[in-house]
Amino acid sequence: MLRVSRPAAGTLVISQGRAQAFVRLAIWIGVVGLFYLVVLGETVLSGAPAANGRGVPWHEWALLLFPLSLLPYLFSLVRTLRRADELILDGREKIVSRGRRTLAVFTDIRSLELKTVHGSCEEFRLSAILSNGRSIELMETEASAAIGTLAREMSGLLQVPLIRKA
């Protein structure tokens, strides 16, 4: 979840919800833990003997495959927790910063690039293309409705064109 604030004229502060990511991570851990509890409990209660050459019981496959199916979601949560620093576009000082580190100066930014990343779910990556050809990733999010509007607002503040890529 993106949170956008405008503490002063010409200043834009964008942050991703770190608290919401913590809650989702706790739910993820709870679901996986509950799954293991149910599967292991059923195995112990049924007194399932060894496979006896008939193949691997479904419990052993489930213990491996279910958590693996949830790994892409876990990685997106960890990425949100790791990158939860605020992205600040300061119109007075003409700098773009994340946390306490300056990423770029407004005059160094040639354009903004909004790219669609296809993975387990659709994500969007917003990057600043610098005049020397380098690219700085500003944010990556799944908020499809908000990112387009936010990218247009950022390009207006930076006074650079917005390039969309699929």
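Using a 4.5 Å heavy-atom cutoff, the side chains of L162 and R152 are in contact. A 4.5 Å side-chain heavy-atom check between L34 and V32 finds every atom pair outside the cut-off. Contact of the L114 side chain with the I163 side chain is not registered, since no non-hydrogen atoms from C-beta on lie closer than 4.5 Å. In this structure, the side chains of L130 and R110 stay at 4.5 Å or more apart for every pair of heavy atoms. The closest side-chain heavy-atom distance from I129 to I109 is not below 4.5 Å. Taking 4.5 Å as the limit, every side-chain heavy atom of M154 sits out of range of all side-chain heavy atoms of V96. Side-chain contact between V13 and P7: present, with at least one pair of heavy atoms (C-beta onward) separated by less than 4.5 Å. Taking the side chain as every heavy atom from C-beta outward, R6 and L12 approach each other to under 4.5 Å.
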For this session: Start with the C-alpha distance between L126 and E113, add both sets of side-chain angles, then the distance that settles side-chain contact (heavy atoms from CB on, under 4.5 Å), and finish with yes or no.
Result: CA-CA 6 Å; L126 184 63; E113 179 182 80; over 6 Å; no
For this session: Tell me, with the steps shown, if T107 and K94 meet side-chain contact (heavy atoms from CB on, under 4.5 Å).
Result: CA-CA 8 Å; T107 55; K94 305 288 186 198; over 6 Å; no
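In this structure, CH2 on W28 lies 6.0 Å from CG on L71, to the nearest 0.5 angstrom. A distance of 8.0 Å separates CZ in F124 from CD1 in I147, rounded to the nearest 0.5 Å. Between S127 atom OG and K165 atom NZ the span is 9.5 Å, to the nearest 0.5 Å.
Connection of V105 to I88 is not established within any shared hydrophobic cluster, with ILVMFWY side chains joined at heavy-atom distances below 4.5 Å, either directly or through further cluster members. Placement of L150 and V160 within a single hydrophobic cluster is found when ILVMFWY residues are connected by side-chain heavy-atom separations under 4.5 Å, directly or transitively. Note on L89: it clusters hydrophobically with L103, by side-chain heavy-atom contacts below 4.5 Å among ILVMFWY residues. Note on I14: it clusters hydrophobically with F106, by side-chain heavy-atom contacts below 4.5 Å among ILVMFWY residues.
Ion pairing of K115 with E137 is absent here, as no side-chain N (NZ or NE/NH1/NH2) approaches a carboxylate O to less than 4.0 Å.
Across A104 and I136, no two heavy atoms sit closer than the pair CB-CD1, 4.1 Å.
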